[in-house]
Structure formats: structure tokens, C-alpha cells
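Everything numeric in this text was worked out from a predicted model, so none of it was measured.
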Amino acid sequence: MSNRDFYEVLGVARGASEGEIKAAYRKLAMKYHPDRNPGDKAAEEQFKDVQKAYAVLSDREKRNAYDQFGHAGVDPNNMGGGGFGGGFDFGDIFSQMFGGAAGGGGRQPNYQGADLQYNIEISLEEAAHGIKKKITIPTHEECDLCHGSGAKPGTSASVCSTCGGSGTVHVRQAIFQLQQTCPTCRGTGKQIKDPCVKCHGDGMVKTRKTVEVSIPAGIDDGQRIRLSGEGEPGSHGAPAGDLYVGVHVRAHSVFERDGMDLHCELPIGFTTAALGGEVEVPTLEGRVKLNIPKETQTGRRMRVRGKGIKSVRSSAVGDLYCHIVVETPVNLTERQQELLEEFEKISTGLDRAQTPRQKSFVDKLRDLFE
């Protein structure tokens, strides 16, 4: 018996529910099943470990014993024939959960369809307010020429000579007897001598379908939306996989996002910075007024409440932070230059309390050189 922790094998926490354990088992058993990994010894060992782990963790008494005593608690040598003894058949578990794909069921395997991934790009405004988008994805549908039979019109499939129509064959591997998908008919139980020229015997043809995606307000860059059942169709009536839509939010020309908050640079004139005043500030809903206090310096951060991004999970809304930049005017007229030069003359010898940053800089220089 492998010494790997059974919870680690299934990738679940020790407090996992029965449903979480079952879901993890289904996923891993499908991934490492020998039919999907022919000749892969590593996958075969993983499959056995997954079976062992589920055999214990799905049984309440065995799980309690394992939680208290570890592997010793479920070792048949310590349990008088219990544990994995007593005629326990791993194939029975797989047969019950997957329709006989691992043994004992005599039914055709019904694999769930594969999940699909689709990436979509949206603007910051769309992410903030939410939007519905239509996307086109590849899929399969029943062939309209053979109506899903896979055989050339006018012909029909015959019973598979390898499996006798059961769709499965028995294979013994170590101590297990597994029931695998027939390699000849791929689980259908039938052989097609004259395949359909359109679907080449698959009974399905590739096509494309349009799906509407509802993107919720507040979604962030890198998050995904799951559309259940919109992935690849399953085989033999099994459910389809899921479609995962990955969202990428384009960089904005004005705003930068930090969670629910927005940040932007707000240039103001040095007169407004010195005397104070009212300026217009952009938001995702339009412009708002912001009062600039007098003697405002570059680097000051001012908050506009409730003008950020709504939380995708609640009604909470972030804030907008404006980072002040005092802008030096350029392309001055002669009159403007005259006024500034006059201001400079009357500003000579300003009290150091009027230029706090300059005072601080001078003090730092003095400390440096003295």
C-alpha cells in the first residue's frame, strides 16, 4: 500500500465533505484512467492510488480509523481482514460512478465532455458597470447526412467482433481486473465498414455556436466566468463539459485600478495650488467638482468617495484617489513673464515658513555637508 496521504492523493482538505471527496475522485479517476493513458505506467500507479484513497475516505468508518491512526488504521494486517480486504472491489466503485468504465458494469463508457477556455477583452468601463457579450465557440453537433449513425447512408453498422457488442474488454493489471473501452469500436459496440463521408464515422461534425456571457459589474482582470454545460459534448449521453471565460481588462488612458479603488493623476495650475479653487475631476460616470485647498503641494492625494468600482460580491463601492501634480506653465506670453518676474522680485527673502519644501531641502544639504 502506498504511504502517500489519502487526502493529498485526492487533493482535498481533511475536513472535506463527502461531495467534495466524490468530485475530486471523479476528476482524478477520469484523468488517470488506463483507457486514457495506454501504456503509461505512472498514470496507472496514480489511478491505483486514487482508487485506494477513495475506498477509505468514502467509507465513514474507514475514514474515522484513518484520521485517528493513519495507514495503520486501515491496514488489513491490523484489522483482521478489514481495510482493503474482505473482497472489496475497486472496480465496483468506478462502475457505480462512471457507468462501468472500470469493470463489472458491461456498459459503454460515458465520459463527460471536456472543458473549454475562451478569453475575452473588455474595457474598464465595461468591467465597472457589467455587460453582456456574445462569443462564438467551436462545438459538435449530430451529422445531418448520417443522422448520427456514423455509417454511410444506405448502410448500417455491424456488431463489433472484438467485444461482441458490449463496448468493453477485460484486462488484468496486477491485482486488478479492469474493464476497458474496446480499442476496436471505441466503446460503441459497433463497427462501421462504410463510414459517412461527412463525419468520417464519428456521427458528429464540428460546428460553431454563439453563447451570451453575462459579465458582472466589478469583475477584475484575470477572473473567470463559468458557463455550466457549454463545453464539449459528452460521449454516449454523458453531460457536456463547462466553458470558462477568462476576462482581461484593457489598460485605461486615465485610471489605474487597485481592487475596488481607482487612481488618477490630476494636474492643476500653480495659482490654484497656492490659492485653492474648484476643479473638474473625471470619473467613470462623468465629471464631478473637487475643491482644492490652498497651499496644495504636488503629491497630495485627494479622495472622491464612492467613485471607484463596485464589488463583484456585494453592494460596496470603492473610491477614486486623485494624485495632485502642480504643473509649471509653458509657452508664456510677455505679459505673463513680466508678472512672474515681478512676483519673483517681491518673493525674494520669503519667510522660510512660506516654502516648507525648500526649507527642508536646505536643511538636508546643510546636514550633508556639515
Side-chain angles (χ1 to χ4, degrees), residues 1-67 70-71 73-75 83-84 88-105 107-117 167-181 183 186-187 224 226 228-244:
M1 181 185 301
S2 170
N3 288 325
R4 292 180 62 195
D5 181 81
F6 288 152
Y7 291 100
E8 179 184 335
V9 170
L10 294 184
V12 298
R14 285 191 169 270
S17 65
E18 293 181 5
E20 290 172 331
I21 290 174
K22 185 174 182 180
Y25 170 72
R26 288 176 62 92
K27 180 179 178 180
L28 294 173
M30 284 294 189
K31 179 178 180 180
Y32 295 115
H33 191 273
D35 284 357
R36 293 191 168 186
N37 305 273
D40 188 337
K41 295 297 183 182
E44 181 181 334
E45 291 303 317
Q46 288 276 14
F47 181 72
K48 293 177 183 177
D49 285 347
V50 168
Q51 295 276 39
K52 292 176 184 178
Y54 183 72
V56 170
L57 300 185
S58 63
D59 185 292
R60 183 172 301 179
E61 293 184 4
K62 292 178 182 178
R63 182 178 180 180
N64 289 336
Y66 179 73
D67 288 343
H71 289 284
V74 292
D75 187 341
F84 292 115
F88 189 86
D89 185 2
F90 294 120
D92 289 344
I93 298 178
F94 205 92
S95 177
Q96 292 168 12
M97 296 183 65
F98 298 105
R107 291 169 290 188
Q108 296 178 10
N110 52 343
Y111 295 126
Q112 180 173 340
D115 293 336
L116 296 178
Q117 172 76 28
T168 57
V169 293
H170 293 277
V171 177
R172 178 171 291 280
Q173 296 184 4
I175 64 172
F176 301 103
Q177 179 170 312
L178 303 178
Q179 187 169 295
Q180 299 183 351
T181 302
R186 295 183 295 176
R224 297 197 306 174
R226 176 188 174 193
S228 181
E230 294 292 353
E232 286 284 356
S235 63
H236 305 294
D242 298 329
L243 171 63
Y244 290 89

side-chain contact (heavy atoms from CB on, under 4.5 Å) against Glu20, all qualifying residues, sequence neighbours excluded: Ala16, Ser17
Set of residues satisfying side-chain hydrogen bond (donor to acceptor under 3.5 Å, both in side chains) with respect to Gln117, sequence neighbours excluded: Asn119, Arg224
Asn64 and Arg60, any side-chain heavy atoms less than 4.5 Å apart: yes
Heavy-atom closest pair, residues Val50 and Leu28: CG2-CB, 3.9 Å
Smallest separation among heavy atoms of Gly231 and Ala240, with atom names: O-CB, 4.2 Å
Those residues that, when tested against Ala114, pass side-chain contact (heavy atoms from CB on, under 4.5 Å) (two or more places apart): Glu232
Distance-only polar pair, side chains of Arg26 and Tyr54, donor-acceptor under 3.5 Å: no
Minimum-distance pair of heavy atoms, taken over all atoms of Lys31 and Asn37: O-ND2, 2.9 Å
Sub-4.5 Å side-chain heavy-atom contact between Ile21 and Arg63: yes
Which residues share a side-chain contact (heavy atoms from CB on, under 4.5 Å) with Ser228, sequence neighbours left out: Arg226, Asp242
Flag side-chain contact, heavy atom, 4.5 Å: Asp67 against Phe6: no
Closest approach of Val169 to Pro183 (non-hydrogen atoms, all atoms of both residues): CG2-CD, 4.1 Å
By salt bridge (Lys or Arg N to Asp or Glu O under 4.0 Å) - contacts of Glu45 (at least two apart): Lys48
Residues that Asp5 engages under salt bridge (Lys or Arg N to Asp or Glu O under 4.0 Å), provided they are two or more places apart: Arg14
For Tyr32, all residues meeting side-chain hydrogen bond (donor to acceptor under 3.5 Å, both in side chains), sequence neighbours excluded: none
Pairing residues for Glu8 by the salt bridge (Lys or Arg N to Asp or Glu O under 4.0 Å) criterion, not counting sequence neighbours: none
